[in-house]
Number of protein chains: 2
Amino acid sequence: MGDAVDVIISQWAEERPELEDDLWPVQVVGRLQRLGRYLEREIKAFAASHGLEMGELDVLTTLQRSGPPYELTAGQLVKASMVTSGAITNRIDRMEAKGLVERVRDEGDRRTVRMRLTERGSEITLAFMSEHLANEARILGGLSRAECAQLGDGLRKLLESLGDTSMS
Amino acid sequence: MGDAVDVIISQWAEERPELEDDLWPVQVVGRLQRLGRYLEREIKAFAASHGLEMGELDVLTTLQRSGPPYELTAGQLVKASMVTSGAITNRIDRMEAKGLVERVRDEGDRRTVRMRLTERGSEITLAFMSEHLANEARILGGLSRAECAQLGDGLRKLLESLGDTSMS
DNA sequence: GCTGATAATCTCAACGTTGAAATAAAAACA
DNA sequence: TGTTTTTATTTCAACGTTGAGATTATCAGC
């Protein structure tokens, strides 16, 4: 008994008793929203301390983990990052100017553009990644490994039920 | 075995085997980020279908659940909503123009401004709330009530460990 | 009462994203 | 082959938030 969402739920139960039986989704959705904002702030600050923007970090890690030749089309990046195509174009514009990625036009299909991680982009990503993971581990410091695994299972089930497959 | 985050983790393990033992935070943090974005999109669309903006919905529900006299200071709204003071000023400006809230200068301390829910704002909020809860219940449809409770407990523990008390 | 420090809100330019329209290329069909 | 539809990316104005600074009011110590 005691995070902000518990307070929110009891406030509603007090103010509108007729809603009490319908408040149960808030314990999950409300907390997911709060955690989402908290994590965004935290990771944004961590990225900024390394001279990176959150969206850039997103693109860098997506390209790096895709493996050789470290290329993805703009469309693949859109699906992977859950933002619109305009945002991806914008990110790539900035990152190309910084020398982190380069655009490579596809020979077979000249509509598609592949975004390729540069040597420099890869170095920065790998240097960043282990610290990034350590930072995430710190954020989860209040939970045991077993609790993390259990929480992860619950979140996975919810994501799966929402149709969050890898690249649909 | 099968949401997008499972794929991300196995991609990293393949591309950078030396990171494998440090990837465990991703199963929680990665999923929280994806769910956060998913929920944001979903709730934003639902709010828009009722002529409301997400930030406005946030202010309306915060004021309503605070109970009579349905007033909070700008500072209290900042803490409750996890956005900056500029965003709150901006939201209240718009909502005041729409007649959803009204600014009331505090008599005792003339620095503070209370944001009061209008009659119209309250009506809209209450009409919206039960549908909003039904929508959240729909989003959680893939989980049983027991699973929701368990997931909620895990999320609460994480929030508490991050210091997310009601109004600190 | 002054004075300096603290607090609450507002202002505003910069930023990244959205969403719809535009462009351009490929595929499907006649 | 020519035409239509679909697909991939880019463009761009509008939008809400951020973050720092400005403003105004209160408080603490003298």
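Order of the sequence lines sets the chain letters (A, B, ...), proteins ahead of strands, with each chain counted from 1.
- Within the 4.0 angstrom heavy-atom criterion, no nucleotide atom of any strand lies near B:Arg114.
- Nucleotide D:dT10 holds its P atom 14 Å from the CZ atom of A:Arg91, rounded to whole Å.
- Positionally, the nearest nucleotide of DNA chain C for B:Gly75 lies more toward the 5' end than for the other of B:Gly75 and B:Ala87.
- Cluster membership for A:Val78 and A:Met82, using ILVMFWY side-chain heavy atoms within less than 4.5 angstrom, is shared.
- As judged by a 4.0 angstrom heavy-atom cut-off over every strand, A:Arg105 is placed among residues making no nucleic acid contact.
- Rounded to an integer number of Å, the gap from A:Met95 CE to D:dT10 P is 14 Å.
- The span of DNA chain C lying next to chain B, judged by atoms under 4.0 Å from heavy atoms, is bounded 5' to 3' by C:dA7 to C:dT11.
- Comparing B:Gly108 and A:Ala74 by the nucleotide of DNA chain D that holds the closest heavy atom to each, the one mapping nearer the 5' end is A:Ala74.
- Salt-bridge annotation for A:Arg65 and B:Glu15: absent, with no side-chain N of the basic residue lying under 4.0 Å from a carboxylate O of the acidic one.
- For the residue pair A:Ser66 / B:Gln11, no side-chain donor-acceptor distance below 3.5 Å is found, with atom types taken as modelled.
- Taking the nucleotide of DNA chain D with the nearest heavy atom to each of A:Met115 and A:Lys44, the more 5' of the two is matched to A:Met115.
- One finds no salt bridge joining A:Arg156 and A:Asp164 here, because no Lys/Arg side-chain nitrogen approaches an Asp/Glu carboxylate oxygen to under 4.0 Å.
- Ion pairing of A:Arg31 with A:Asp6 is present here, as a side-chain N (NZ or NE/NH1/NH2) and a carboxylate O approach within less than 4.0 Å.
- The side chain of A:Thr89 lies closest to D:dT9, out of D:dT9, D:dT26, D:dT18.
- Atom CG in A:Asp106 sits about 13 Å away from atom P in D:dT10, given to the nearest Å.
- Taken over five-pair windows at either terminus, the axes of the helix from C:dG1-D:dC30 to C:dA30-D:dT1 are inclined to one another by 20° (rounded to 10 degrees).
- In this pair, A:Phe128 and A:His50 present their aromatic rings perpendicular. The plane angle is above 60°, beyond the 30 to 60° band.
- At a threshold of 4.0 Å, the pair A:Glu42-A:Arg138 counts as salt-bridged, since one of the basic side-chain nitrogens sits closer than that to a carboxylate oxygen.
- With respect to the salt-bridge test (charged N to carboxylate O, under 4.0 angstrom), the residues B:Lys98 and B:Asp93 do not qualify.
- Across the protein-nucleic acid pair, A:Asn90 atom CG and D:dT11 atom P stand 10 Å apart, rounded to whole Å.
- B:Arg37 comes within 4.0 angstrom of no nucleic acid atom, judged by non-hydrogen atoms across all strands.
- Following rounding to the nearest Å, A:Asp109 (CG) and D:dT6 (P) show an atom-to-atom distance of 17 Å.
- Note on B:Thr112: only backbone sugar-phosphate atoms sit closer than 4.0 angstrom, heavy atoms only; bases stay farther off.
- Toward the 5′ end of DNA chain C lies the nearest nucleotide of A:Arg94, the other residue of the pair A:Arg94 and A:Arg111 mapping further downstream.
- In summary, B:Glu56 and B:Arg94 engage in a salt bridge, as defined by a charged side-chain N under 4.0 Å from a carboxylate O.
- Residues A:Phe46 and A:Glu131 come closest through the heavy atom pair CZ-O, 3.6 Å.
- Nucleotide D:dT10 holds its C1' atom 13 Å from the CD1 atom of A:Ile88, rounded to whole Å.
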